[in-house]
Amino acid sequence: MERFGKGHHLHLIDGSGFIFRAYHALPPLTRKSDGLPIGAVAGFCNMVYKMVEDAKGADAPTHVAVVFDHSARTFRNALYPAYKAQRPEPPEDLRPQFPLIREATRAFNLACVELEGYEADDIIATYACQAAEAGGHVTIISSDKDLMQLVRPGIEMFDIMKNRRIGRDEVFEKFGVYPEHVIEVQALAGDSVDNIPGAPGIGIKTAAQLIADYGDLDTLLARASEVKQPKRRETLINFADQIRVSRDLVTLRCDTPVEEPLETLEVREPDPETLLGFLDRMEFRTLTARVAAKLGVAAPVAEAATAPGAGAAPRAEASQGPARPEFPPLDPARHEVIRDAAALEAWVARIADRDTVAIGVKMDGPDEMLADLVGISLATGPGERAYLPLGHMSGPADLLSGETRVPGQMPLDDALALLRPVLEDPAILKIGHDMKADTKILLRHGVAVAPIEDTMLLSYALFAGLHGHGLDLLAEKYLGHAVIPRKSLMGGRGPKTFGEVVIEAAAPFAAEEAEVAWRLRATLRPRLPFAKVTRVYETLERPLVPVLAEMEAHGIRVDRGQLSRLSGDFAQRMAGLEDEIHRLAGGRFNIGSPKQLGEVLFDQMSLPGGKRGKTGAYGTGADILEELAAQGHDLPARVLDWRQISKLKSTYTDSLQAAINPRTGRVHTSYLIAGANTGRLASTDPNLQNIPVRTEEGRRIREAFVAEKGQQLLSLDYSQIELRILAHIADIPALKEAFREGLDIHAMTASEMFGVPIEGMPSHIRRQAKAINFGVIYGISAFGLANNLRIPRDVAKKFIDTYFERFPGIREYMDATVAFAKANGHVETLFGRRIHTPEINAKGPHAGFAQRAAINAPIQGTAADIIRRAMIRVPAAIAGLPAKMLLTVHDELLFEVEAGAVEETAAAVRAVMEAATMPVLALDVPLVVEAGSGANWAAAH
DNA sequence: TTCTTCACG
DNA sequence: GACGTACGTGAAGAAT
């Protein structure tokens with residue numbers, strides 16, 4: 001190989017810089033067949049092609065290297081920790097393009113250079129210096145101003161997007177100094193983008209002037225006291241050290257330990273098969289054809305996309321959604337069990353190389369706040385999966401020693417120490433199914449997993465209303481793969497928890513889960529843009545995970561003594577009621593049994609109104625018992641009392657005591673992000689979204705939810721949010737006006753409908769109007785309203801007709817929404833969330849349900865979107881305040897705040913909540929938030 | 001496991 | 001003309 005020197009011409013391409021420029025300059029292009037984002041890849045390939053084509057003749061490069069940043073952290077972080085620290089993460093749809101661009105580079109048979117701990121700029125500097133010293137000529141393909149310090153005889157830059165050469169004069173234009181002083185100007189001026197501090201108040205203009213006046217930076221700093229302007233003089237003296245650090249930061253290193261000598265960068269002809277194969281895979285049709293023509297080879301057949309095994313997907317389908325990416329079938333036997341540090345280190349290296357990893361954390365129980373970590377599964381691609389057992393226990397060896405740890409497992413702390421760097425690396429994406437659970441348990445072990453991708457939430461954004469979002473179901477549906485059933489490992493007479501499962505059985509199960517998640521992500525992620533739910537997933541689903549994880553982990557304090565006293569109180573009253581009920585019935589029976597109660601009421605006592613349901617049992621719901629009680633029957637009235645107390649005792653005062661976490665002394669609910677089809681959250685284990693509030697008895701339970709000593713509970717809730725959204729969506733002038741003027745909306749409705757003045761409105765009239773307003777949100781029907789208000793159905797019908805007359809627009813909204821659902825199979829919220837309505841075209845009684853659900857979903861769903869947006873913004877808004885967000889109840893957020901900071905927190909959160917639709921959407925009505933605080937939850941309302 | 005009832009927004 | 005209904009949830013206890 002000829003030694004690099006005179007007559008040679010080296011092109012150094014700033015690959016990383018180009019990626020970002022191409023990404024932002026070009027429209028977001030995606031691959032036709034599966035929606036994979038490839039805009040930056042396309043821009044890169046066209047650029048390389050153009051470069052190779054244009055630079056023929058005397059000026060043609062003899063050597064080329066494409067240089068990339070290896071990772072976010074470099075030696076400069078050791079010099080100055082804040083360096084580039086506030087850089088935003090690369091956009092989600094750019095991330096997958098990094099490896100593709102490296103692949104493109106290799107496909108063009110160009111040297112692809114990167115080095116851990118160094119920036120692309122340092123590698124470029126090193127090669128440029130070496131080449132220039134050897135007597136060659138260098139062109140740096142970049143427009144990055146940080147590289148301009150390298151310009152000198154033999155080294156110039158070229159901005160390929162603007163087709164402009166950058167030489168000595170162009171550098172002077174930019175910095176006001178020639179290249180040899182660029183570093184000094186940068187050191188003084190600093191750079192907010194890279195977090196280079198520089199000298200406060202001195203920009204490029206002033207810096208250039210100072211350097212021109214004093215010759216160079218060291219002289220300037222030495223003679224700073226001579227500077228005339230007092231402010232500037234002070235700055236230069238006080239910030240001299242900071243300026244010197246800045247100079248170190250901006251100075252590019254020419255001694256980077258590059259591995260490839262210059263000679264190996266020699267231009268080589270690309271291998272036609274490799275290059276055309278790559279371009280074709282990216283589906284760049286024009287470029288593929290051009291390159292094929294150039295190389296004198298036939299272009300690959302375009303039909304290659306319809307490969308065998310794809311189920312012969314017709315072309316027409318390709319425009320509706322991406323095809324399933326093709327991977328070899330999941331081989332059930334292929335997994336590794338990681339048992340020592342060396343094996344785990346190899347996995348960590350592979351994960352760092354791949355940029356993405358699917359993980360699955362296994363626990364020895366269902367409660368992340370209580371369970372111990374049993375193992376972690378990992379997958380980096382098809383056939384690349386492993387299980388890391390950490391806490392598997394053998395059964396009780398004997399009654400005295402209890403359980404023992406199975407040998408052949410790494411110590412937990414050692415394993416987490418090795419995994420932490422990749423789990424916390426902002427450049428490595430962690431894929432998982434229901435990552436909130438994994439996040440929580442890892443957080444308990446001090447590992448803050450980020451960033452994350454969640455296949456459950458991908459499914460939720462794409463398919464809400466169509467089917468469930470469990471991993472098993474999705475694997476079956478979208479991968480055609482039946483996973484190992486959990487039941488085959490646990491349950492029955494077998495192991496009770498995952499920790500008791502033998503590693504040999506646990507490993508294939510756990511590793512499979514990780515690989516399934518990895519494959520699901522590859523299949524589902526590209527569908528987002530086709531379903532137009534990328535923004536839903538990115539702004540309403542994914543960012544909520546860490547917010548909820550923290551709330552759940554924090555929990556809320558409940559007063560066990562208060563609950564215990566209530567339980568005792570309720571038990572006594574139930575006993576009294578039982579005696580009385582049995583006396584009235586003339587015999588003992590199980591009051592809690594609807595079947596026995598029905599028989600007592602309607603067979604023994606022959607009370608009227610006995611209606612049998614579809615299972616043949618009498619209905620004994622509260623409405624029926626109330627009807628009987630109103631007729632003067634005592635027994636049903638006492639049963640109603642008994643039921644209320646019984647409900648409160650079993651569901652609340654007893655269960656909540658059991659829900660107190662012994663480790664934290666608090667109650668930790670768990671929110672289902674993908675539980676409700678409309679976008680609402682659901683709360684489970686325990687459900688803290690249905691704590692009683694409507695009755696006096698119930699409020700005593702709410703009083704048991706308390707703040708810690710010295711703190712207060714602060715509650716903020718949206719006032720009438722769903723009616724406000726209805727007013728906006730259905731565009732009802734009268735409603736919008738009323739909300740803008742802050743009127744009592746139900747009184748206003750009553751006034752409009754019945755012609756009664758708002759002043760001195762009788763409460764029963766207002767109550768009826770309120771029921772109608774709610775009914776509208778629910779997809780009103782005469783039957784439902786009649787039932788709710790206990791009025792004849794024809795009267796209810798009249799009410800509804802009047803309502804539609806008074807508020808034209810409601811009817812249109814309802815009809816249009818149902819029509820949209822019928823045509824599209826889904827409805828949408830104002831933020832683009834899709835709720836599927838598969839039953840909308842059904843015949844029979846199902847149709848009514850589906851239609852009302854379709855009418856309600858955009859309203860309920862938009863409200864859910866709004867509070868999600870608020871919750872995601874809350875942490876930043878209250879950062880620094882002694883306040884924690886504890887709970888969310890559909891339109892309410894509950895906080896625990898140090899007593900002195902209640903007002904400030906309330907103001908900050910209210911601002912976030914009231915502006916939560918912005919900047920995406922400006923509602924026609926104001927959002928109003930009401931706040932309250934107190935020592936307990938009842939008092940905060 | 002399914003049904004009924006009832007707590008919440 | 002009759003279906004049988006208000007929308008969205010989760011938990012407990014009885015019935016199957």
Side-chain angles (χ1 to χ4, degrees), chain A residues 464-465 589-598 611 613-626 639-640 642-656 658-659 669-672 675-695 697-699 701-702 717-723 726 771-789 793 796 800 814 827 835 842-861 863-864 867 887-892 937 941:
Chain A
F589 69 100
N590 184 352
I591 304 169
S593 159
K595 184 164 172 265
Q596 292 181 36
L597 176 65
K611 265 189 290 190
K614 51 185 166 236
T615 52
Y618 288 115
T620 67
D623 48 344
I624 293 170
L625 298 188
E626 275 164 24
V639 171
L640 281 169
W642 182 91
R643 279 216 184 132
Q644 195 207 346
I645 308 294
S646 163
K647 175 81 174 184
L648 296 180
K649 182 171 185 291
S650 67
T651 309
Y652 301 104
T653 57
D654 290 350
S655 307
L656 279 173
T669 185
S670 182
Y671 290 101
L672 306 181
N677 288 336
T678 53
R680 271 196 181 177
L681 300 177
S683 161
T684 63
D685 306 304
N687 181 355
L688 296 187
Q689 290 185 325
N690 68 346
I691 302 304
V693 71
R694 291 172 187 173
T695 64
E697 302 294 342
R699 279 192 289 274
I701 291 166
R702 218 164 248 244
D717 67 287
Y718 284 111
S719 162
Q720 306 289 4
I721 188 168
E722 292 192 353
L723 268 180
L726 174 73
I772 297 170
N773 276 333
F774 276 106
V776 169
I777 291 170
Y778 297 154
I780 200 159
S781 73
F783 187 95
L785 184 64
N787 240 354
N788 189 281
L789 286 178
R793 192 165 341 165
I800 294 170
M814 293 171 74
V827 292
I835 297 111
K843 296 274 177 285
H846 288 305
F849 282 106
Q851 289 181 12
R852 290 193 296 271
I855 290 165
N856 173 258
I859 302 169
Q860 187 181 118
I867 201 162
L887 300 178
T888 170
V889 193
H890 310 310
D891 61 4
E892 172 187 6
W937 198 1
H941 254 269

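All of these numbers come straight from a predicted model, not from anything done at the bench. Here is how names work: the chains are called A, B, and so on, in the same order as the sequence lines, proteins then strands, and each is numbered from 1. Only this structure's heavy atoms are used, side chains among them; waters, hydrogens and symmetry mates stay out.
Atoms NE2 (His890(A)) and P (dG10(C)) sit 9 Å apart, rounded to a whole Å. Between Trp642(A) atom CH2 and dA14(C) atom C1' there is a gap of 11 Å when expressed in whole angstrom units. Per the geometry, CG belonging to Leu656(A) stands 13 Å off C1' belonging to dG10(C), to the nearest Å. Atom-to-atom, CZ of Phe774(A) to C1' of dA6(C) comes out at 13 Å; the value is rounded to the nearest Å. Rounded to whole Å, atom P of dG10(C) lies 13 Å from atom NZ of Lys647(A). Protein atom CD of Gln689(A) is 13 Å distant from nucleotide atom C1' of dA11(C), rounded to whole Å. Distance CG (Asn856(A)) to P (dT5(C)): 18 Å, rounded to an integer number of Å. The distance between atom CZ of Arg699(A) and atom P of dC8(B), rounded to the nearest whole Å, is 10 Å.
From Tyr652(A), atom OH reaches atom CG of Leu688(A) across 9.5 Å, with rounding to the nearest 0.5 Å. Rounded to the nearest 0.5 angstrom, Gln720(A) CD and Phe774(A) CZ are separated by 6.0 Å. Atom CD1 in Ile701(A) sits 7.5 Å away from atom OG1 in Thr695(A) (nearest 0.5 Å).
The side chain of Asn687(A) lies closest to dA11(C) when the candidates are dA11(C), dT5(C), dC7(C). The listed nucleotides are dC8(B), dA12(C), dT5(B); the one nearest the side chain of Arg694(A) is dC8(B). Here dG10(C) is the nucleotide among dC6(B), dG10(C), dA12(C) with the atom lying nearest to any side-chain atom of Thr684(A). Distances were taken from every side-chain heavy atom of Gln596(A) (C-beta onward) to each of dA11(C), dG9(B), dA15(C); the shortest belongs to dA15(C). Each of dC7(C), dG9(B), dA11(C) was ranked by its minimum atom distance to the side chain of Asp891(A); first place goes to dG9(B). When distances run from any side-chain atom of Arg680(A) to the nucleotides dG13(C), dG9(B), dC7(C), the shortest one goes to dG9(B). Side-chain atoms of Arg702(A) lie closest to dC8(B) of the nucleotides dA12(C), dC8(B), dT9(C). For Gln644(A), the side-chain atoms get nearest to dA7(B) when compared with the rest of dA14(C), dA7(B), dT9(C). Ranking dC8(B), dG8(C), dA6(C) by closeness to the Tyr778(A) side chain, first place goes to dA6(C). For Lys595(A), the side-chain atoms get nearest to dA15(C) when compared with the rest of dA6(C), dC8(B), dA15(C).
Counting any heavy atom pair closer than 4.0 Å across all strands shown, Ala617(A) reaches no nucleic acid atom. Nucleic acid contact for Phe849(A): sugar-phosphate only, since backbone atoms but no base atoms lie under 4.0 Å from a heavy atom of the residue. Base contact: Ile780(A) has a heavy atom under 4.0 Å from a base atom. The residue Gly848(A) sits apart from the nucleic acid: no heavy atom pair falls under 4.0 Å. Within the 4.0 angstrom heavy-atom criterion, base atoms lie near Ala771(A). Nucleic acid contact for Leu785(A): base, since at least one base atom lies under 4.0 Å from a heavy atom of the residue. If you check every strand for non-hydrogen atoms under 4.0 Å, Asn677(A) touches sugar and phosphate atoms only. Within the 4.0 angstrom heavy-atom criterion, only backbone atoms of the sugar-phosphate kind lie near Gly621(A); the bases stay farther away. Gly698(A) comes within 4.0 angstrom of nothing in the nucleic acid, heavy atoms only. Heavy atoms of Ile855(A) sit nowhere under 4.0 angstrom from any nucleic acid atom.
The backbone N or O of Thr888(A) sits less than 3.5 Å from a side-chain atom of Tyr671(A), completing a donor-acceptor pair.
For the P atoms, the distance linking dA6(C) with dC6(B) amounts to 13 Å, nearest Å. Comparing dA7(B) with dC3(C), their C1' atoms sit 30 Å apart, to the nearest whole Å. Look at the C1' atom in both dT5(B) and dA2(C): the space between them is 28 Å, to the nearest Å.
Of the side-chain N and O atoms in Arg852(A), none sit less than 4.0 angstrom from OP1 or OP2 of dT5(C). Look at Thr620(A) and you'll find a side-chain N or O under 4.0 angstrom from OP1 or OP2 of dT5(B). Contact between the side-chain N/O atoms of Thr651(A) and the OP1/OP2 oxygens of dG10(C) is not found at any separation under 4.0 Å. Between dT2(B) and Thr615(A), no contact under 4.0 Å exists linking OP1 or OP2 to a side-chain N or O. For dA14(C), the OP1/OP2 oxygens have a side-chain nitrogen or oxygen of Asn590(A) closer than 4.0 Å.
Between Leu887(A) and Trp937(A) the shortest side-chain heavy-atom distance falls below 4.5 Å. Asp891(A) has its side chain out of reach of Glu722(A): every pair of non-hydrogen atoms, C-beta onward, lies at least 4.5 Å apart.
Closest heavy-atom contact between Pro692(A) and Leu648(A): CG-CD2, 3.6 Å. Taking each heavy atom of Ile777(A) and Asn856(A) in turn, the nearest pair found is O-ND2, 3.0 Å.
dC3(C): no Watson-Crick or G-U partner with both key distances under 3.5 Å is found in any strand.
Looking at Arg643(A), its side chain has no donor and acceptor atom pair within 3.5 Å of the base of dG13(C).
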